[in-house]
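Only one structure is covered here, and it is reproduced in the block below.
Just so it is clear: chains get the letters A, B, ... in the order the sequence lines come, proteins before strands, and each one is counted from 1. Quantities reported herein were computed from a predicted structural model and do not represent experimental measurements.
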2 protein chains.
Amino acid sequence: MKIGELAKRTGCKVVTIRFYEKEGLLAAPERSGGNYRVYSLEDWERLEFIMHCRKHGMKLGEIRKLLAFRDHPRSDCTWVGELIDEHIANVDEQIKSLEHLKLHLEQLRRRCAGGQDGENCGIMASLKHKGECCASCPRCVVETIGE
Amino acid sequence: MKIGELAKRTGCKVVTIRFYEKEGLLAAPERSGGNYRVYSLEDWERLEFIMHCRKHGMKLGEIRKLLAFRDHPRSDCTWVGELIDEHIANVDEQIKSLEHLKLHLEQLRRRCAGGQDGENCGIMASLKHKGECCASCPRCVVETIGE
DNA sequence: CTTTACTCTATAGTAACTATAGATAGTAAT
DNA sequence: ATTACTATCTATAGTTACTATAGAGTAAAG
């Protein structure tokens with residue numbers, strides 16, 4: 001299987017496959033007579049593993065560790081669960097932060113309905129100061145104190 | 001006002017201020033005898049504007065446009081509101097995506113309670129395939145069709 | 001006068017790719 | 001056999017918004 005076929009089967013771009021090789025996530029595969037990369041089914045499976053990890057938002061460094069564990073699966077797997085826990089906490093934090101941001105943006109949006117010039121646009125004016133909600137919403141208060 | 005003081009007043013790091021200057025968001029300020037940057041109150045306000053935009057998740061390119069508009073506020077501001085709308089849509093999409101990811105991660109987490117080796121860890125096993133939910137949850141079905 | 005803190009420039013590194021240029025290989029049609 | 005087209009190869013640079021580092025000059029305090 002050449003790189004293009006592997007790309008098609010996995011949905012991973014050709015350049016990205018080469019990139020993963022350079023990064024040491026995939027081993028350098030066999031080469032054909034014409035110096036083309038030739039992949040095995042194990043390579044395919046390994047790439048799928050990598051891609052599923054990526055879909056779960058894992059970093060390449062973390063995936064490297066998981067692959068190493070996969071290659072030498074002797075020791076205790078507890079850290080794997082903890083890694084997932086960390087990710088969940090992380091994702092949670094991101095969601096909260098984005099929801100908060102959304103509030104601010106919606107508030108900002110209401111400041112101008114358009115059709116003004118820059119001097120009279122409420123959005124432009126609001127971008128000079130902190131949002132109105134900052135004094136009252138807990139997230140902003142914490143951020144303000146933290147400054 | 002030297003760069004350190006501006007940094008303290010705004011909460012923006014010294015290096016970041018210099019970076020914004022290099023990127024053309026802040027004009028190159030006056031220099032003191034000893035070649036130190038000297039900032040005015042206008043510079044301060046401009047930096048605050050930039051930082052508030054950043055807090056709203058705007059990209060430097062977008063901020064550049066907003067600053068240009070601020071500098072020449074003749075024309076119609078409608079695009080500013082549309083820009084905010086785009087951001088809101090964007091943030092919404094990110095939230096949905098993260099909530100979906102969280103589901104997957106929680107499902108993954110339940111596959112192993114730890115104390116196994118790599119061969120018997122349900123998380124490691126699950127990372128070889130797509131998550132269970134993929135056949136039933138709308139987001140995954142769409143992604144699967146898209147492949 | 002020395003120490004300490006601040007500032008300067010220039011360069012490289014971060015994450016995870018993406019894009020580009022130029023060369024080579026394989027395949028299909030003429 | 002020639003042409004055209006596609007896939008592959010390598011190496012390098014660009015992306016975003018900073019961050020880190022090195023090495024040197026400046027200012028303020030003791």
| request: Grab the OH-P distance between B:Tyr39 and C:dT7 for me, whole Å please. | output: 10 Å
| query | For A:Pro29 and A:Tyr39, which heavy atoms make the closest approach, and how far apart are they? | reply | CG-CE2, 3.5 Å
Report all interatomic pairs (protein N or O, nucleotide N or O of nucleotides 14-16 of chain C) with separations under 3.5 Å.
{"from": "C:dA16", "atom 1": "OP2", "to": "A:Leu60", "atom 2": "N", "distance (Å)": "3.4"}

| field | Within one Ile-Leu-Val-Met-Phe-Trp-Tyr cluster: B:Leu60 and B:Ile17, side-chain cutoff 4.5 Å | value | yes
| field | Note, B:Met58 side chain near B:Arg54 side chain (heavy atom, < 4.5 Å) | value | no
| Under 3.5 Å, side chain of B:Ser126 to main-chain N/O of B:Gly122, donor-acceptor pair present? | yes
| task | Could you go through the side-chain contact (heavy atoms from CB on, under 4.5 Å) check for B:Leu108 and B:Leu127 one step at a time? | result | CA-CA 8 Å; B:Leu108 190 62; B:Leu127 285 170; 4.0 Å; yes
| task | Could you pick out which residue, B:Lys22 or B:Val14, lies toward the 5' side of DNA chain C when each is mapped onto its nearest nucleotide? | result | B:Val14
| field | Contact interval (first through last nucleotide) of DNA chain D with protein chain A, 4.0 Å heavy-atom | value | D:dA7 to D:dT10
Report, one pair per line, the protein and nucleotides 2-6 of chain C atoms (nitrogen or oxygen only) whose separation is under 3.5 Å.
{"from": "C:dC6", "atom 1": "O2", "to": "B:Tyr36", "atom 2": "OH", "distance (Å)": "3.3"}

| Any side-chain N or O of B:Arg18 less than 4.0 Å from the OP1 or OP2 oxygen of C:dT9? | no
| request: Let me know the distance between CG of B:Leu6 and P of C:dT7, rounded to the nearest Å. | output: 10 Å
| field | pair A:Asp117-B:Ser75: side-chain heavy atoms closer than 4.5 Å | value | no
| message | Ignoring hydrogens, what is the shortest heavy-atom contact between A:Gly81 and B:Arg109? Give both atom names and the distance. | response | O-NE, 3.1 Å
| said: I'd like to know if the side chain of B:Asn90 pairs up with that of B:Gln94 as donor and acceptor (distance under 3.5 Å, no hydrogens or angles considered). | reply: yes
| B:Met124 versus B:Gln116: any side-chain heavy-atom pair under 4.5 Å? | no
| query | Between the side chains of B:His100 and B:His104, is a donor N or O closer than 3.5 angstrom to an acceptor N or O? | reply | yes
| query | Between B:Val38 and A:Asn35, who's closer to the 5' end of DNA chain C by nearest nucleotide? | reply | B:Val38
| Does any non-hydrogen side-chain atom of A:Ile3 lie less than 4.5 Å from one of A:Glu21? | no
